[in-house]
Amino acid sequence: MNQTLRKTRTFLWVYYAYMVEYRAELILWVLSGSLPLILMGVWIEAAAGGQFGLRPVDFARYFLAAFIVRQLTVVWVVWEFEREVVEGRLSPRLLQPIDPVWHHVASHVSERLARLPFALLLVGLFFLLYPQAFWVPSLGQFLLFLLVIVLAFVLRFLIQYTFAMIAFWTERASALEQFWMLFFLFLSGLIAPLEVFPPLVRQVTLWTPFPYLVYFPASILIGLPVNLGQGFLAMLGWSGLFFGLNRWLWRRGLKQYSGMGA
Amino acid sequence: MPIVIVENLSKVYPVAVKEPGLKGTLRHLLHRTYRPVQAVQDVSFQIEPGEIVGFLGPNGAGKTTTLKMLTGLIHPSAGRVRVAGHVPFRRDVKFLHKITLVMGQKQQLLWDLPALDSLKINAAVYGIADKEFDWRVSELVEMLSLKEKLTQPVRKLSLGERMKAELLAALLHRPQVLFLDEPTLGLDVNAQVSVRDFLKEYNQRYDATVLLTSHYMADITALCQRVLLIHEGQLIYDGNLDGLIEQFAPYREVKVELAQPRTEAELRPFGELKAVDGTIVRFLVRRGTLTQTVARILAQLDVVDLTVTEPPVEEVIGQVFRAGVVA
Amino acid sequence: MKRYLEVLGLFWSTAIAAELEYRANFLIALLSSLGNLIGSLFGLSLFYRTGYNFEGWSWEETLVVLGIFTLLQGFSSTFLSPNLNKIVQQVQQGTLDFVLLKPISSQFWLSTRTLSPWGLPDLIFGLVLIGYAGQQLGLGLSNYLFSIIPLIFGLASLYSLWFMLGATSIWFVKIYNVTEVLRGLLEAGRYPMVAYPAAYRFFFTFVIPVAFLTTIPAEAMLRRAELSWVTGAGFLALGLLYATRAFWKFALRFYTSASS
């Protein structure tokens with residue numbers, strides 16, 4: 001137990017130092033998640049002039065929450081993993097007495113810590129420019145949000161890590177992720193809250209994993225009504241499914257990998 | 001008239017300092033401190049057209065920095081540089097036509113395509129006409145024995161073949177001054193020899209000037225009549241290889257064959273013992289006392305045979321770098 | 001000049017030859033472009049399905065903006081982003097040195113060295129979208145011709161922004177995401193500027209000139225652009241091109257005086 005704790009701490013520290021070393025890059029990553037902030041503008045303007053069921057300030061808060069959610073759930077493991085397989089760097093990792101996935105988990109978690117100050121700075125700046133949108137979630141909401149955001153990150157990571165497994169068979173595993181990203185972009189609630197979707201599209205979307213990655217946590221943070229039970233069930237269900245698929249592909253993939261003599 | 005003139009050349013650049021550990025990381029995040037590093041210090045030399053000059057020094061001595069200043073990739077902090085009558089840092093077109101740079105660990109050829117495609121691009125860039133291009137390529141292909149390799153994708157070539165193709169690409173515009181940074185790095189012995197032979201032949205055929213750095217002493221001994229020794233940014237020797245040994249190897253090896261074996265205690269007074277093998281004894285003797293010592297040995301021991309040899313170049317240079325000797 | 005054209009031809013033919021080694025990419029690019037198109041239309045329809053419109057821009061008129069946006073995306077992925085990635089790579093691996101020692105403008109070399117045919121689907125879809133909307137609106141040849149000039153200004157501005165960002169890799173070596181920031185901000189070009197609140201409009205006109213990339217060419221095509229804005233786009237393009245050149249020279253001076 002003590003050993004695990006020490007390992008975890010060392011991992012996080014080392015990866016944190018690594019992330020800080022590339023702080024310029026980190027700021028850029030934070031800024032590159034600006035899409036929700038752009039769409040916020042269009043929707044605020046639209047809500048002022050049309051009938052969308054939400055007030056301009058709701059849209060402002062929703063998209064700010066979506067921005068925060070996206071900052072906290074960014075995942076890039078498929079590119080890392082693909083490179084490791086292609087360049088043969090996976091082999092030495094397989095010899096270590098620890099599952100290679102923990103390296104990725106540690107780098108993702110510590111990146112979040114390094115990124116947080118920049119993201120918060122941007123949020124602060126936002127409230128300075130648009131004080132009407134300021135709100136403080138209740139403690140309950142906030143704790144619930146923390147739980148959901150961790151789950152959302154886990155789900156996002158599991159899905160992408162499952163895609164990463166395809167790297168054992170082809171050099172272009174990240175293409176799958178890119179294609180998946182299109183659906184994520186349009187269905188997760190990043191471009192608009194599900195409230196403004198046509199009812200049928202909305203019903204269908206709620207069965208997919210997408211809205212639980214952005215819309216669901218963002219709505220909880222700003223207090224939009226959501227079906228909590230259904231949300232948690234869907235998140236756990238999808239996580240379980242991808243976890244199973246991931247482990248199965250991992251075992252098959254390792255066989256394939258060692259079979260090639262790499 | 002020298003083709004390369006370097007006067008009091010210096011280069012200082014700042015390096016970010018980071019302390020290890022979380023505290024250092026945090027401090028680094030907020031405020032970076034820089035420490036000036038003196039890469040090259042007051043270096044002066046001249047090279048005549050047609051010379052092959054070896055540039056020696058341990059890693060980080062300032063060899064690459066100097067090469068980059070000579071090619072105009074780095075602006076000197078102080079001093080004057082002229083290469084083929086130009087100020088390198090202006091990198092004007094005439095100057096660029098006269099020089100080339102080959103870096104052993106970096107490649108300019110396109111990875112996925114045959115080398116010939118990269119050569120065609122270079123030909124267009126340097127404005128070489130088609131006919132002239134064909135003729136130059138065939139000539140260089142023959143000198144490098146690269147036949148049929150130019151139409152294969154570069155990634156399918158062996159390391160040695162790739163280096164030769166790199167040389168071909170770098171020499172297509174027939175530069176007068178060649179700057180080579182570790183051109184034989186990582187090559188096997190055969191490939192090293194053929195690169196060496198090629199450089200020698202190219203130098204003779206076109207009277208080209210060559211300045212090269214290498215970790216392989218064999219490159220230097222085979223190619224260079226003259227070496228520049230740089231250590232911690234300072235030029236500590238400029239002259240031929242023999243002189244280098246003269247200056248930096250304070251010892252000679254005296255090999256003596258005796259009529260009958262002697263104990264080490266009996267031998268020690270004559271000089272530092274390197275090895276004793278029956279009747280064969282090897283002494284290390286200071287250069288200054290050589291004649292004296294040899295005379296004493298001849299007078300006091302039954303000597304069958306006596307030879308005085310210089311230590312090998314590698315050993316001398318290795319010693320210089322280890323001890324940090326500055327003459 | 002002739003030499004530059006010759007070099008350009010060689011650059012592009014070798015780039016295509018190299019890319020064709022990976023043919024499966026085309027299918028991926030096609031599917032991505034198609035998905036992206038459908039998603040974009042869906043996103044836009046969310047505004048229009050309730051009867052709302054962007055301050056007098058009809059659905060078809062907004063499609064013209066989206067079409068130009070898609071066209072620019074195709075242009076970026078064909079000409080801009082592959083070269084930008086290459087700049088970053090060359091700075092990282094130190095092979096930029098070879099480029100600097102060539103007797104040819106290094107900015108030209110780095111801007112045109114390669115191209116990726118996989119941006120083609122976006123270019124085609126963009127044209128299809130513009131064509132469809134134009135037909136619905138009854139646009140004639142003169143409408144299209146009118147938009148070409150501001151479109152070229154837009155492309156020049158876009159190129160300048162990308163190249164300047166790429167040049168920053170001289171300082172920040174590991175900066176693959178530099179493209180992502182710009183790409184993220186350029187997303188604002190999907191909608192006509194009137195769809196945004198005043199502060200956004202100001203930002204996307206005068207800070208990041210997205211308005212000049214899509215809205216103004218679209219307005220020119222719809223014959224509602226004011227001459228002053230088109231002239232402004234021209235000055236902007238020239239200014240940015242000039243700034244790019246100056247910035248690259250500055251970056252190079254830094255590179256060559258600081259690198260080891």
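Per chain, numbering begins at 1; letters A, B, ... match sequence-line order. None of the values given here were measured: they were computed from a predicted structure.
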What residues of residues 211-221 of chain C sit under 4.5 Å from chain A when you count only heavy atoms? none
Answer with side chain, backbone, both or neither: which region of A/M181 has an atom nearer than 4.5 Å to a non-hydrogen atom of chain C? neither
Under 4.5 Å from any heavy atom of chain A - which part of C/Y196: both
Tell me whether the count of non-hydrogen atoms from other residues, nucleotides or ligands lying under 6.0 Å of CH2 in A/W169 goes above 12. yes
Can you tell which part of A/V201 gets under 4.5 Å to a heavy atom of chain C, answering side chain, backbone, both or neither? side chain
Turns out that what part of A/L129 lies under 4.5 Å from chain C's heavy atoms comes down to neither
Structural part of C/F47 lying under 4.5 Å from a heavy atom of chain A: both
A/F183 atom CZ, neighbour heavy-atom count above 12 within 6.0 Å: no
If you round to the nearest 0.5 Å, how far is OG of A/S32 from CG of C/L182? 11.0 Å
Should we count CD of A/Q51 as having more than 12 external heavy atoms under 6.0 Å? no
Between A/L31, A/I38, A/V30, A/L35, which residue shows the highest count of heavy-atom pairs closer than 4.5 Å to chain C? A/I38
Out of curiosity, C/Y200 OH to A/M40 CE, how far, rounded to the nearest 0.5 Å? 5.0 Å
Which atoms of A/Q178 are under 4.5 Å from chain C, going by heavy atoms: the side chain, the backbone, both sets, or neither? neither
Honestly, the part of C/S40 sitting under 4.5 Å from a heavy atom of chain A is both
Top residue by heavy-atom pair count (under 4.5 Å) with chain C, among A/I44, A/L37, A/L187? A/L37
Distance (rounded to the nearest 0.5 Å) between A/L185 CG and C/E187 CD: 7.0 Å
I'd like to know whether CZ of A/F127 has more than 12 heavy-atom contacts from other residues, nucleotides or ligands below 6.0 angstrom. yes
Please report the C-alpha distance between A/F186 and C/L41 in whole Å, then the side-chain angles of each, then the deciding distance to 0.1 Å, and finally whether the side chain to side chain contact (heavy atoms under 4.5 Å, CB included) criterion is met. CA-CA 10 Å; A/F186 295 112; C/L41 288 172; over 6 Å; no
More than 12 heavy atoms of other residues, nucleotides or ligands under 6.0 Å from CZ of A/R252: is that the case? no
What distance separates A/F179 CZ from C/L34 CG, expressed to the nearest 0.5 Å? 8.0 Å
Does any backbone or side-chain atom of C/I28 lie under 4.5 Å from a heavy atom of chain A? Answer side chain, backbone, both or neither. side chain
Looking only at heavy atoms, which of residues 60-77 of chain C get nearer than 4.5 Å to chain A? none
Output the option from C/L46, C/I38, C/L31, C/T50 having the highest count of non-hydrogen pairs under 4.5 Å with chain A. C/L46
Applying a strict 4.5 Å limit to non-hydrogen atoms, the region of C/F204 in contact with chain A is side chain
Engaged part of A/F197 at the chain C interface, taking heavy atoms whose separation is under 4.5 Å: both
Does any heavy atom of chain A fall under 4.5 Å from the side chain of C/S32, the backbone, both, or neither of them? both
Closest non-hydrogen atom pair between A/G41 and C/P197, with its separation: O-CD, 3.2 Å
